[in-house]
Trainee: 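Take this structure first; my questions come after.
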Amino acid sequence: MANRLDRDQVVSTALELLNDVGLEGLTLRRIGKELDVQAPALYWHFKNKQDLLDAMATEMLRRMTALQEAEGGFAHATWQEMLAGSHRALRRVLLTYRDGAKVYSGTRFTDTSYAVPMERYLASLVGAGFTPGEAARAYYTVYCFTIGYVIEEQSAADDPERGVKGIDVTERAERLAEFPLAAAAGPELFGDADAGFEAGLAAIVAGIAATRRRAG
């Protein structure tokens with residue numbers, strides 16, 4: 001059975017199972033049960049869980065790239081539109097999976113497929129006048145914001161299956177009545193996640209543009 005198992009099949013199964021059990025519950029034993037094989041059979045393809053997570057992140061990146069291509073890519077976009085649009089796509093893919101941002105963060109891609117979109121993004125920035133170093137820093141800054149935002153967004157969300165209650169901003173405000181500014185921050189921090197992401201994204205992209213103008 002081990003030789004008949006397809007590596008891509010294991011990764012797809014793991015991504016599907018992630019929505020049911022989350023990152024903590026995702027084990028090679030649990031995946032083996034889903035595929036009706038013993039966990040040791042999976043070691044033909046993955047030496048440990050981190051090896052599997054790397055492969056899962058790589059597949060998530062492929063799906064993000066496919067999503068961007070389906071939407072027309074950024075052939076005629078400004079660098080600002082490219083930076084914002086590519087990270088909107090990343091966020092959408094991460095939100096497709098429970099704990100998606102935690103899975104993606106800190107992993108090592110298993111092939112060089114990530115270099116195709118990265119080369120395209122960096123070329124867009126360099127074409128707009130960024131040095132290669134400035135382009136890399138700009139892209140990484142927006143990437144880190146996106147990963148961190150989605151980790152917090154997913155951690156604060158309702159998850160009835162796990163018995164996790166989302167943050168109730170009214171209850172929070174009542175609990176922080178002695179701290180009016182902290183209490184009033186609740187709707188901005190834990191309200192409309194889409195609006196919060198767009199506001200942060202716009203601020204970072206505008207900040208990159210402003211920094212470049214001062215440096216020039």
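Note that the structure is predicted; figures quoted are calculated from it, not measured. Positions are given from 1, in the same order as the sequence printed here.
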Trainee: Stepwise, does the side-chain contact (heavy atoms from CB on, under 4.5 Å) test hold for Leu90 with Val93?
Mentor: CA-CA 5 Å; Leu90 175 59; Val93 169; 5.5 Å; no

Trainee: Has Lys49 got a side-chain atom pairing as donor or acceptor with Leu26's backbone, closer than 3.5 angstrom?
Mentor: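 Here the side-chain-to-backbone pair exists.
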
Trainee: Could you report the tightest heavy-atom contact between Arg108 and Gly106, atom names first, then the distance?
Mentor: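 Between these two residues, the closest heavy atoms are NH1-O, 2.9 Å.
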
Trainee: Give a yes or no on whether the ring-centroid distance for His87 and Tyr139 is below 6.0 angstrom.
Mentor: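 Yes, ring centres under 6.0 Å apart.
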
Trainee: My understanding is that only residues two or more places apart in sequence, or in another chain, count here; which of them pass side-chain hydrogen bond (donor to acceptor under 3.5 Å, both in side chains) with Glu34?
Mentor: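 Listed in chain order: Arg30.
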
Trainee: Sub-3.5 Å donor-acceptor pair from the side chain of Arg172 to the main-chain atoms of Ala182, do we have one?
Mentor: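 Yes, Arg172 side chain to Ala182 backbone: donor-acceptor pair under 3.5 Å.
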
Trainee: Check step by step if side-chain contact (heavy atoms from CB on, under 4.5 Å) holds for Thr107 and Thr58.
Mentor: CA-CA 9 Å; Thr107 52; Thr58 302; over 6 Å; no

Trainee: Enter the distance from Ile208:CD1 to Arg137:CZ here, rounded to the nearest 0.5 Å.
Mentor: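 The CZ atom of Arg137 is 10.5 Å from CD1 of Ile208, to the nearest 0.5 Å.
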
Trainee: Minimum heavy-atom separation for Met56 to Val11, with atom names?
Mentor: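 That would be CA-CG1, 4.0 Å.
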
Trainee: Show which side-chain atoms of residues 112-122 pair as donor or acceptor with protein atoms under 3.5 Å away, not counting sequence neighbours.
Mentor:
{"from": "Ser113", "atom 1": "OG", "to": "Asp111", "atom 2": "OD1", "distance (Å)": "2.6"}
{"from": "Tyr121", "atom 1": "OH", "to": "Gln68", "atom 2": "OE1", "distance (Å)": "2.4"}
{"from": "Tyr121", "atom 1": "OH", "to": "Gln68", "atom 2": "NE2", "distance (Å)": "3.0"}

Trainee: Which heavy-atom pair separates Leu18 from Tyr97 by the least distance, and what is that distance?
Mentor: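 That would be CD2-CB, 3.7 Å.
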
Trainee: Between Gln154 and Ala101, which heavy-atom pair has the shortest distance, and what is it?
Mentor: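 Minimum heavy-atom separation between Gln154 and Ala101: OE1-N, 3.2 Å.
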
Trainee: Give the minimum heavy-atom separation between Arg7 and Ala55, together with the two atoms involved.
Mentor: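 Minimum heavy-atom contact is NH2-CB, 3.8 Å.
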
Trainee: For His45 versus Asp51, what's the shortest heavy-atom pair and its separation?
Mentor: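 In terms of heavy atoms, the two residues are closest at O-OD2, 3.8 Å.
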
Trainee: Quick one: are Thr96 and Leu15 in side-chain contact, heavy atoms under 4.5 Å?
Mentor: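 SC-SC contact between Thr96 and Leu15 ruled out.
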
Trainee: Do Ile151 and Asp99 pass the side-chain contact (heavy atoms from CB on, under 4.5 Å) test, and can you show the C-alpha distance, the side-chain angles, and the key distance before you say yes or no?
Mentor: CA-CA 7 Å; Ile151 287 176; Asp99 295 330; over 6 Å; no

Trainee: Report the distance from atom CZ of Phe46 to atom CG of Asp54, rounding to the nearest 0.5 Å.
Mentor: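 One gets 10.0 Å once the value is rounded to the nearest 0.5 Å.
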
Trainee: Using a 6.0 Å distance limit plus a 45 degree cone around the ring axis, check whether Arg212 lies over the aromatic ring of Phe130.
Mentor: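 Positive - Arg212 is close enough to the ring of Phe130 and near enough to its axis.
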
Trainee: List in chain and number order the residues that pass salt bridge (Lys or Arg N to Asp or Glu O under 4.0 Å) with Arg63, two or more places apart in sequence or in another chain; answer none if no residue qualifies.
Mentor: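 Salt bridge (Lys or Arg N to Asp or Glu O under 4.0 Å) list for Arg63, sorted by chain: Glu59.
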
Trainee: May I ask you to decide if the ring planes of Tyr143 and Tyr104 are parallel, tilted or perpendicular, using 30° and 60° as cut-offs?
Mentor: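 Geometry flag for Tyr104 against Tyr143: tilted rings.
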
Trainee: Please report the interatomic distance CD1(Ile204) to CG(Leu83), rounded to the nearest 0.5 Å.
Mentor: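 That separation rounds to 10.0 Å.
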
Trainee: Using a strict cut-off of less than 4.0 Å between a Lys/Arg side-chain nitrogen and an Asp/Glu carboxylate oxygen, indicate whether Asp194 and Arg91 qualify as a salt bridge.
Mentor: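 Yes, Asp194 and Arg91 are salt-bridged.
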
Trainee: With clusters defined by side-chain heavy atoms of hydrophobic residues (ILVMFWY) lying less than 4.5 Å apart, directly or transitively, does Leu189 cluster with Leu181?
Mentor: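 No, it is not one cluster - the side chains of Leu181 and Leu189 are not joined through contacts under 4.5 Å.
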
Trainee: In Å and rounded to the nearest 0.5 Å, what is the OG1 to CD distance from Thr146 to Glu153?
Mentor: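 Between atom OG1 of Thr146 and atom CD of Glu153 there are 10.5 Å.
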
Trainee: Does some side-chain heavy atom of Trp79 sit less than 4.5 Å from a side-chain heavy atom of Val205?
Mentor: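 They are in side-chain contact.
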
Trainee: Find out if a path of hydrophobic residues (ILVMFWY) with successive side-chain heavy-atom gaps under 4.5 Å connects Ile167 to Leu176.
Mentor: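 Shared cluster, no.
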
Trainee: Without swapping roles, check the side chain of Glu81 against the backbone of Thr78 for a donor-acceptor pair under 3.5 Å.
Mentor: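 The answer is yes, because a donor-acceptor pair under 3.5 Å joins these two groups.
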
Trainee: With rounding to the nearest 0.5 angstrom, report the NZ to CG distance, Lys102 to Leu94.
Mentor: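 That separation rounds to 13.0 Å.
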
Trainee: I'd like to know if the side chain of Ser12 and the backbone of Gln9 have a donor-acceptor N/O pair within less than 3.5 Å.
Mentor: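 Not at all, since once roles are kept as given, no pair shorter than 3.5 Å links the two residues.
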
Trainee: Mark yes when over 12 heavy atoms from residues, nucleotides or ligands other than Glu188 sit less than 6.0 Å from its CD; otherwise mark no.
Mentor: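 Not buried by this count: 12 neighbours or fewer within 6.0 Å.
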
Trainee: Before you tell me yes or no, could you show the steps for Thr131 and Val126 under side-chain contact (heavy atoms from CB on, under 4.5 Å), namely the whole-Å CA-CA distance, both residues' side-chain angles and the distance that decides it to 0.1 Å?
Mentor: CA-CA 6 Å; Thr131 67; Val126 170; over 6 Å; no

Trainee: What's the separation between atom CE in Met82 and atom CD in Gln80, rounded to the nearest 0.5 Å?
Mentor: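 That separation rounds to 9.0 Å.
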
Trainee: Heavy atoms, side chains only, cut-off 4.5 Å: are Arg92 and Leu67 in contact?
Mentor: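 A side-chain contact exists here, since the closest heavy-atom pair is under 4.5 Å.
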
Trainee: Is there a side-chain contact between Leu42 and Leu35 (heavy atoms, below 4.5 Å)?
Mentor: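 Touching, per the 4.5 Å side-chain cut-off.
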
